[in-house]
Amino acid sequence: MRPRKDNTQSVNITVAYYVLTYELEEADDLMKLGVWMELKWTDEYLRWNSTQWSGIERIAINSDEIWLPDFRHYSSYYNPEELPDCANPKCSVAPNGTVTCLPVCGMNAKCDADYSRWPFDLHRCSMYYGTWAHSMDEVDIHITDVCLARNAEFKSPKWGVVSLHNNRGVISSSDNYMYYVLDVEVVLIRRASFEQVAIIGPILMIFLLCSTVLSVVLLLLTLLNCWIRMRRNRDPTTESFFDRMTGSFSQSRVAELLLAADYLELNYTVTPEEKEHFWAKFAKLFDRVLAIGCLMVYVVLFWLFIPFSHRLEQLPGVNCYISA
């Protein structure tokens, strides 16, 4: 029986959620969590006048001797655990009927793992809680605090918590009863370790190697460009196969657009010398294509080898810490 003398009234339950330990098993994308909770509600049948009972202000009582909400972890990877059974918690009762239970529980949940930016990866792990049988008309449950323990002995050597927040939703059952569901999301990030050193070192070496190769290619292309400019002194009446191939491209619309884009200004005009001499025009065209290609290569190199952490700015972070 619910602890209300008027059965039409709901029981208001508050939950304080404290994350003590956490670890991620990468093989299964499974987070194991050690949680300390503080559940509070009022039992109207457990009130007394402390002055009539030798000034007793608090009574310690076994959890199996009082009414308990059927508060469960829905998203457990194994079987749903009934939280009051976690470590067989003791409860206390105040003269005004306030009941406080402090279960310490070990939980687990599947994570939405993302290894695309390994070893700078983020993993979102959501856990869902609620009452198994009592609808929202019978039990009104909500989370007041979601905190992270700052004790050094509780920290994971491999993972850090960068975001910890909660939300409350409502679901409907097949018999049209509405139930509150509490959502707690933990976002883990891989801590700096030998793995990051082992991956950053080769990345820098590959980036340096690619830059060196690119520099050599640019040198060769610059020499080629100089050779093209030297061809302007040749007799224009004698054309080779290479001259005919490059000539047809240099007269196209794409070549005109590239030639119209100067490095520092947009109002570039073709000089009379370039109009009269084909190779001067082609050399400038070749120079533009080379500059654009170089820029695109470096953009690709940065995208492949430089890790980005901009997603951290979109996370709410951890707003509450405790010392357990």
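The structure presented is a predicted model; accordingly, all values stated were derived computationally and were not measured.
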Rounded distance [0.5 Å steps], [atom1] in [X] versus [atom2] in [Y]:
X      : Y      : atom1 : atom2 : result
Cys101 : Lys40  : SG    : NZ    : 11.5 Å
Tyr321 : Tyr18  : OH    : OH    : 15.5 Å
Trp67  : Asp43  : CH2   : CG    : 8.0 Å
Ile322 : Asn151 : CD1   : CG    : 7.5 Å
Cys125 : Leu188 : SG    : CG    : 5.0 Å
Leu24  : Asn108 : CG    : CG    : 12.0 Å

Side chain [X], main chain [Y], donor-acceptor under 3.5 Å:
X      : Y      : value
Lys155 : Tyr22  : no
Ser63  : Cys91  : no
Arg168 : Asp183 : no
Asp28  : Leu30  : no
Arg2   : Glu138 : yes
Arg191 : Trp159 : yes
Ser172 : Asn176 : no
Ser156 : Lys158 : yes
Asn62  : Asp64  : no
Asp145 : Cys147 : no

Are [X] and [Y] side-chain neighbours, meaning at least one heavy-atom pair lies under 4.5 Å?
X      : Y      : value
Ile143 : Leu182 : yes
Phe71  : Leu39  : yes
Tyr115 : Glu26  : yes
Leu122 : Val162 : yes
Val161 : Val318 : yes
Glu44  : Pro3   : no
Pro95  : Gln52  : no
Asp121 : Asp114 : no

_Could you check whether Tyr74 and Trp132 have their ring centres less than 6.0 Å apart?_
yes

*So, for Tyr129 and Tyr17, is the gap between ring centers shorter than 6.0 Å?*
yes

*Ion pair check, Glu65 and Lys90, cut-off under 4.0 Å*: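 Not counted as a salt bridge, because no side-chain N and carboxylate O are separated by less than 4.0 Å.
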
_Ionic contact status for Arg124 with Asp112, cut-off 4.0 Å_ = no

If every non-hydrogen atom of [X] is compared with every non-hydrogen atom of [Y], which pair is closest and at what distance?
X     : Y      : answer
Leu20 : Phe154 : O-CB, 3.1 Å
Val93 : Leu46  : CG1-O, 3.7 Å
Ser10 : Arg4   : O-NE, 3.3 Å

*Check the pair Tyr180 / His134 against side chain to side chain contact (heavy atoms under 4.5 Å, CB included), numbers first and verdict last.*
CA-CA 9 Å; Tyr180 284 120; His134 295 102; over 6 Å; no

*Can you tell me if His123 and Asp29 form a side-chain donor-acceptor pair at under 3.5 Å?*
no

*Exercise: do Ser50 and Glu57 side chains pair donor with acceptor under 3.5 Å*: yes

*Tell me, with the steps shown, if Trp48 and Ile59 meet side chain to side chain contact (heavy atoms under 4.5 Å, CB included).*
CA-CA 11 Å; Trp48 71 91; Ile59 296 177; 3.7 Å; yes

_Audit row: His142, Asn12, side chain to side chain contact (heavy atoms under 4.5 Å, CB included) steps and yes/no_ = CA-CA 8 Å; His142 58 276; Asn12 183 31; 3.1 Å; yes

*Could you walk me through whether Asp140 and Val11 pass side chain to side chain contact (heavy atoms under 4.5 Å, CB included), step by step?*
CA-CA 6 Å; Asp140 182 9; Val11 180; over 6 Å; no

_Residue Tyr177 excluded, over 12 heavy atoms near OH under 6.0 Å_ =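 Count not over threshold, so no.
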
